[in-house]
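Each remark here refers to the structure printed beneath this line.
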Protein chains: 2
Amino acid sequence: MQKLKGIKVLLVDDEPNILEFLEMGLQDEGFEVMTAQDGMMAVTLAKQFQPHIIILDVMMPGMDGFEVCRMLKKSENVAIIMLTAKDEVDDRVKGLMLGADDYMMKPFSFEELLARIQARIRNQFPNLMEEVVHGPFRIDDRRKEILYNQRVLELSTTEYELLKYLVINQGLVLSKAKILDKVWGYDFGGDENIVEVYIRSLREKLKDKEHRLIRTLRGSGYRVDL
Amino acid sequence: MQKLKGIKVLLVDDEPNILEFLEMGLQDEGFEVMTAQDGMMAVTLAKQFQPHIIILDVMMPGMDGFEVCRMLKKSENVAIIMLTAKDEVDDRVKGLMLGADDYMMKPFSFEELLARIQARIRNQFPNLMEEVVHGPFRIDDRRKEILYNQRVLELSTTEYELLKYLVINQGLVLSKAKILDKVWGYDFGGDENIVEVYIRSLREKLKDKEHRLIRTLRGSGYRVDL
DNA sequence: AGTAAATATTAAGAATTCGTGATAATCTTC
DNA sequence: GAAGATTATCACGAATTCTTAATATTTACT
């Protein structure tokens, strides 16, 4: 498995045992870890420590996880994974989770948490991975730039997000529904046609006239071949 | 002027005013700063945060500065500067200070503290010194001046702070929300438009007619390219 | 080949975001 | 307290981006 270097993780939970358990485990994996036991502390620490990712328990005395998530998402570029007990998950909670990037139900295995963290990092900070270069593509997320054959592509935000998603999942077939979910968000009401429109725009900018780079798999979706 | 980058400082004092004053000043100088208001917290934070240097007030309720110093010096590789009120300094205190690397008597000027910190760092972490020239920009934080191509820019305070923030984070995309947070403060109530207005003013003074120096990334923010 | 479904292409208008100049409010300085 | 600089607000036009919808083309299947 790939090792991530210099990734900062902030753990927030009111149970010291869990906190310590996770802290030791993550440090062992090479993460830089800090911990907070309540919401206020979490917000303060997040501003100071500037973590890449926050593992955030929903149920806490005082300011709860939702509140913390809302406050930080506004201004900080950080991935948030929410933790919740299994029996707390109803629709209301699910709704509130939406600000987060991912969520997990307790109890979970440490391996699972690790996998989720890696997935988040890959998604949100692909430049921190040792592998930033996907064939002729180079994704620089901090600059919000994608290079194709050493040339900067002039992309709108949506085009950028879409191409990034496609390239990162290079080799996989991605259905339009899935693309819509990931790039436009689960609550996008419009037609799937918009994906086609954007794919076309990307192909044009990539001079992919023959559709060899971004392949159409009729009935299944699209796939980037490198 | 030489600048220190990535130096972590932990401030420990029970007076929030002093704490805040020093924190802002040091952050302004480019240090990574965290704060603690009592001895217990200081020890906990020191273990997690692994600061290069600790500024430690002697007189605190609960665990006092000596105690904290003793505990940390045993196991952590950290420089400690102790702070004490002038009238507390007798021979007994001097004796106890010996564990520390340096000490200062209150009141002291910020400049003095800076000098001491720099001296300590030079001594204990000589490999961390760095020059602060960002391409054609030279930021002189003591004079609150920014030079662009050897010319002094005539900037208002806000313009100065904004340009400094942009230049220091050169190459990164900074959202307007984030800029507001960092330059105007988290509690600024107004509209994000003010960022646009100031960006415009900076572009004018930088003669950046083509927006090549300060680029707009529509929907994402701004980015300085050097 | 004929047909239906899926995808591609295009263009137009809706919506959003940004830039700009004017102006009001606030703070400084003499 | 007048003059000047600075900061903040506002409104509107310009520019870009997003979305939709209508039409064309391709593909799969009978």
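In what follows, chains carry the letters A, B, and so on, assigned in the order in which the sequence lines appear, proteins first and then strands, with residues in each chain numbered from 1.
The nearest whole Å value for the distance from the CG atom in B:Leu202 to the P atom in D:dT6 is 13 Å. Atoms CG (A:Leu162) and C1' (D:dT19) sit 15 Å apart, rounded to a whole Å. Between the P atom of D:dT20 and the CD atom of A:Glu192 lies a distance of 12 Å, rounded to the nearest Å. In this structure, B:Glu196 atom CD and D:dC10 atom P are separated by 14 Å, rounded to whole Å. In this entry the distance linking CG of B:Leu180 with C1' of D:dA8 reads 12 Å, nearest Å. When the C1' atom of D:dT19 is taken as reference, atom CD1 of A:Ile194 falls 5 Å away, rounded to whole Å. Nucleotide D:dA8 holds its C1' atom 15 Å from the CZ atom of B:Arg200, rounded to whole Å. Atom P of nucleotide D:dT6 and atom CG of B:Leu153 are separated by 13 Å, given to the nearest angstrom.
The cationic group of A:Lys8 lies under 6.0 Å from the six-membered ring centre of A:Phe49 and within 45° of the ring axis, placing it in a cation-pi geometry.
Nearer to the 5' terminus of DNA chain C, by closest-nucleotide assignment, is the contact made by A:Gly219 (compared with the other of A:Glu204 and A:Gly219). Nearer to the 5' terminus of DNA chain D, by closest-nucleotide assignment, is the contact made by B:Tyr198 (compared with the other of B:Tyr198 and A:Thr158). Place A:Lys176 and B:Ile199 on DNA chain C by their nearest nucleotides, and A:Lys176 ends up nearer the 5' end.
For the atom pair B:Leu22 CG and B:Phe110 CZ, the distance stands at 7.0 Å (nearest 0.5 Å). Considering NZ of A:Lys209 and CG of A:Leu213, their distance stands at 15.0 Å, rounded to 0.5 Å. We find the NZ-OG1 distance between A:Lys144 and A:Thr157 to be 8.0 Å, quoted to the nearest 0.5 Å. Taken to the nearest 0.5 Å, the CG atom of B:Leu26 stands 11.5 Å off from the CG atom of B:Leu10. With values rounded to the nearest 0.5 angstrom, B:Tyr198 atom OH is found 4.0 Å from B:Thr158 atom OG1. Separating the OH atom in A:Tyr222 from the CG atom in A:Asp225 is a distance of 14.5 Å, to the nearest 0.5 Å.
Residues passing the salt bridge (charged side-chain N to carboxylate O under 4.0 Å, His left out) test with A:Lys178: none are found, sequence neighbours excluded. Checked against salt bridge (charged side-chain N to carboxylate O under 4.0 Å, His left out), B:Glu23 has no partners two or more places apart in sequence or in another chain.
Between B:Lys205 and B:Glu159, at least one side-chain nitrogen of the basic residue sits less than 4.0 Å from a carboxylate oxygen of the acidic one, meeting the salt-bridge criterion. Using a cutoff of 4.0 Å between basic side-chain nitrogens and carboxylate oxygens, B:Arg223 and A:Glu145 are scored as salt-bridged. Ion pairing between a basic and an acidic side chain is recognised when a charged N comes within 4.0 Å of a carboxylate O; A:Glu196 and A:Lys176 show such pairing.
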Atom pairs under 3.5 Å, N or O on each side, protein against nucleotides 21-23 of chain D: can you list them with distances?
from, atom 1, to, atom 2, distance (Å)
D:dA21, N6, A:Asn193, OD1, 3.3

Please produce a list of atom pairs where a protein N or O lies less than 3.5 Å from an N or O of nucleotides 26-30 of chain D.
from, atom 1, to, atom 2, distance (Å)
D:dT26, O2, A:Arg218, NH2, 3.1

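Boundaries of the chain B contact region on DNA chain C are C:dT17 to C:dG21, first to last in 5' to 3' order (nucleotide atom under 4.0 Å from a heavy atom).
No more than 12 heavy atoms of other residues, nucleotides or ligands shown are found within 6.0 angstrom of CD on B:Glu20.
End-to-end axis angle for the helix from C:dA1-D:dT30 to C:dC30-D:dG1, using five pairs per end and rounding to 10°, comes out at 30°.
By the 4.5 Å heavy-atom criterion applied to side chains, B:Leu147 and B:Phe137 are not counted as neighbours.
For D:dC18, the OP1/OP2 oxygens have a side-chain nitrogen or oxygen of A:Ser156 closer than 4.0 Å. A sub-4.0 Å separation between OP1 or OP2 of D:dT7 and a side-chain N or O of B:Trp184 is absent.
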